[in-house]
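Keep in mind that what you see is a predicted model, and the values were worked out from it rather than measured.
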Amino acid sequence: MARSVSLLALVLALSFPAHAQAQEVEAISVWGRRANDLGRATSASEGRISYADFAVRPLLRPGELIEAVPGLAATQHSGAGKANQYFLRGFNLDHGTDLAASLDGVPLNLPSHGHGQGYLDLNLLTPEFVHDIGFKKGPYAAENGDFATAGAVAFETADHLHGDGLQAWAGENDYYRALGSKALTDNVLVAADLSTARGAWTNPEDLRKINVLGRALAGGWSITALAYDAKWNATDQIPRRAVEAGVLGRLDAIDTTDGGNTSRYMLSARRRDLLRGLDAVVYVQRYTLDLFSNFTYFLDDPVNGDQFEQVDRRWIYGGSLIKRWSLGDGWSARAGASARLDDIGQVGLYRTTARARRATVRQDALTEWSTALWGEASRRFGRVDATFGLRADAMGADVDAGDPRNAGRVNDLQVSPKLALAWRISKTFELYADAGRGFHSNDARGAVIKVDPVTGDPAERAPLISPTDGAELGLRWKRGDLTLTAAAWALRVESELVYVGDTGFTEASGATRRRGVELLADWRPTSRFGLTGSYAATHARFAGSPPEGDRIPNTVSSVLSAGANWTPIRGSTLSLTYRRLGGAPLVEDNSIRSRPTGLLNALFVKDLGQASLMVEVLNLTNGKHDDIAYAYASRLPGEPLEGVEDVHFHPVEPRAVRAGIKISF
């Protein structure tokens with residue numbers, strides 16, 4: 001821990017003096033469309049999506065903004081205040097284990113979290129405040145570290161939001177939302193987003209959420225404060241057998257006391273100097289979560305029920321520094337350093353009934369630190385741009401367990417080489433070859449555990465760092481208003497986390513291998529009409545020949561997404577988005593599979609001068625599909641004590657209409 005604190009201090013010390021002397025460059029916000037990545041990108045599966053490309057995207061939840069990234073899908077199996085499930089490159093990312101995300105350079109994933117490793121809650125986003133979204137898939141970029149095995153997504157807000165304004169929304173199921181932003185001076189702005197909703201569920205969700213953003217520009221630094229709070233009731237997944245027997249409706253709940261509350265407060269300072277090639281970020285965060293779930297109902301405790309509470313309380317401190325150079329003789333370089341400290345005062349699991357604690361399964365405190373140094377050098381050799389990268393990550397933790405047998409210290413080191421080649425065949429055609437090593441960390445408690453906290457039996461430890469090796473071949477072609485990209489990729493993960501439905505937890509599994517293809521088309525024949533479409537297919541298996549089968553549960557085989565924007569007359573825009581998740585094995589022998597799910601959403605915007613009228617229709621066809629499904633044993637009252645193996649699903653929300661008005665000042 002002392003080493004992590006000293007490295008963090010070094011990063012802060014390096015960043016402030018260097019930038020204090022740097023020439024200031026005024027930030028410019030460009031609210032344009034998707035950038036042309038030819039001649040700039042180092043892989044076919046990276047890109048940047050600008051505000052105009054998602055400004056009129058219909059969204060059920062804020063986390064679905066991430067679906068603007070081709071091939072990435074977000075679903076939900078619980079209340080709207082809980083982190084989404086994410087699907088990318090054959091991973092059920094279970095809230096973020098293999099998907100890294102950041103907001104204005106501040107990492108959002110949470111290691112050793114009370115609910116799941118790498119927990120990634122994007123409900124703190126206000127889509128209208130996001131300026132652009134950058135993404136890189138695979139472990140090929142030296143700047144991306146922990147959790148960035150399937151990919152990394154960077155959300156950026158603007159120093160100057162898209163004008164002062166106020167929005168008010170109302171919709172079915174008592175949905176109400178108000179948001180607005182105001183520049184108090186040329187260098188100070190404030191913004192807020194407030195939501196409340198009953199929800200479509202039989203058991204009222206009663207979501208209450210507030211996001212507040214403040215930003216000030218001072219001395220070349222952008223100082224940002226963000227506050228997010230949410231409370232909700234949850235309708236978790238329900239057993240298929242009860243719905244088919246008529247015992248439950250599709251929107252019913254079994255345990256009506258599930259739900260939770262969470263908060264996240266962030267304060268960050270960022271300095272970007274374009275002339276000197278410097279980007280520095282320092283931050284502090286405060287995070288809390290209380291989450292109540294019941295997936296097996298009355299299987300473990302026929303009298304009191306199986307509800308459990310997961311708790312997380314932590315402070316997060318960190319910073320990063322990136323520097324660019326021109327080295328001469330055609331070489332350029334980038335290097336970076338980062339450090340992070342998670343001071344987790346409480347992370348616990350409790351047995352509860354109607355949110356009242358009955359027993360403590362495990363309660364711990366821990367300090368977890370991570371540091372990284374990375375660098376990359378680039379040069380053009382004829383028509384080929386080559387980038388050579390190397391990253392070194394060190395991390396460790398000191399676990400103070402409620403059971404002294406599960407206390408301990410652990411640390412690990414990972415060195416990750418990277419290589420990216422871009423062959424510019426012509427002004428309209430480029431080929432790519434990428435390879436690299438990445439990793440995700442495992443829960444530090446699992447890296448020092450000795451005994452199972454429930455049974456007291458000896459427990460197997462998981463490695464603190466699980467490496468991933470990946471490679472990719474791709475192409476990008478652009479002619480006129482049409483852009484096509486394609487990528488073929490492969491990943492080998494040494495150990496990953498798999499959902500275990502009968503306990504509601506995840507556990508480390510063996511090595512896995514994945515391979516797949518991704519296709520993306522973007523066609524904008526006129527300024528008033530545009531079409532985009534992407535398709536991703538994945539083949540995922542456990543390595544070796546496991547006796548129970550080699551299929552990885554919940555690895556979606558395909559993701560198809562499409563979107564259309566049409567401006568029939570000036571000032572009116574109609575947007576349609578379609579997303580289809582393919583089927584997935586729910587058990588290792590593939591004997592039970594999930595059903596494909598398709599959703600169509602629409603948004604109409606009418607410009608009325610200083611005001612705009614908006615109408616949003618979600619699940620336009622009112623499809624009755626599964627948002628997500630799992631296979632495991634559960635027990636309802638009156639059923640055998642050993643429970644019943646079944647598919648448990650969370651339905652997509654029925655069609656909902658929302659209307660809003662936006663007034664610009």
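- A salt bridge does not link D206 with R208: none of the charged nitrogens is closer than 4.0 Å to a carboxylate oxygen.
- Using a 4.5 Å heavy-atom threshold, the side chains of L60 and E653 count as touching.
- The residues R61 and E64 are annotated as salt-bridged, a charged nitrogen and a carboxylate oxygen being separated by less than 4.0 angstrom.
- Of the residues E639, Q237, R241, the one that meets the side chain to side chain donor-acceptor pair (under 3.5 Å) test with S634 is R241.
- Using a cut-off of 4.0 Å between Lys/Arg side-chain N and Asp/Glu carboxylate O, D258 and K82 are scored as not salt-bridged.
- Counted within 6.0 Å of CZ on R355, heavy atoms from surrounding residues, nucleotides or ligands total more than 12; the atom is thus considered enclosed.
- Salt-bridge formation is not detected for the pair D252/R250: no Lys NZ or Arg NE/NH1/NH2 atom is positioned less than 4.0 Å from an Asp or Glu carboxylate oxygen.
- Salt bridge annotation for R358-D301: present, with a cationic side-chain nitrogen under 4.0 angstrom from a carboxylate oxygen.
- Every side chain to side chain donor-acceptor pair (under 3.5 Å) that D146 has, sequence neighbours left out, goes to S441.
- Residues H648 and Y632 place their aromatic rings such that the two centres sit under 6.0 Å apart.
- No side-chain heavy atom of D255 sits under 4.5 Å from any side-chain heavy atom of Y297.
- Salt bridge R579/E67: present, at least one basic N to carboxylate O contact under 4.0 Å.
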Ring pair (Phe, Tyr, Trp, His ring centres under 6.0 Å), that's the test. Do F91 and H440 meet it? Break it down for me. CA-CA 13 Å; F91 286 87; H440 71 238; 8.1 Å; no
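- Under a 4.0 Å N-O distance rule, the pair R362/D364 qualifies as a salt bridge.
- Annotation: cation-pi pair R658/Y175 present, NZ/CZ under 6.0 Å from the ring centroid and within 45° of its normal.
- Within the 4.5 Å cutoff, the side chain of Y350 has heavy atoms near those of the V311 side chain.
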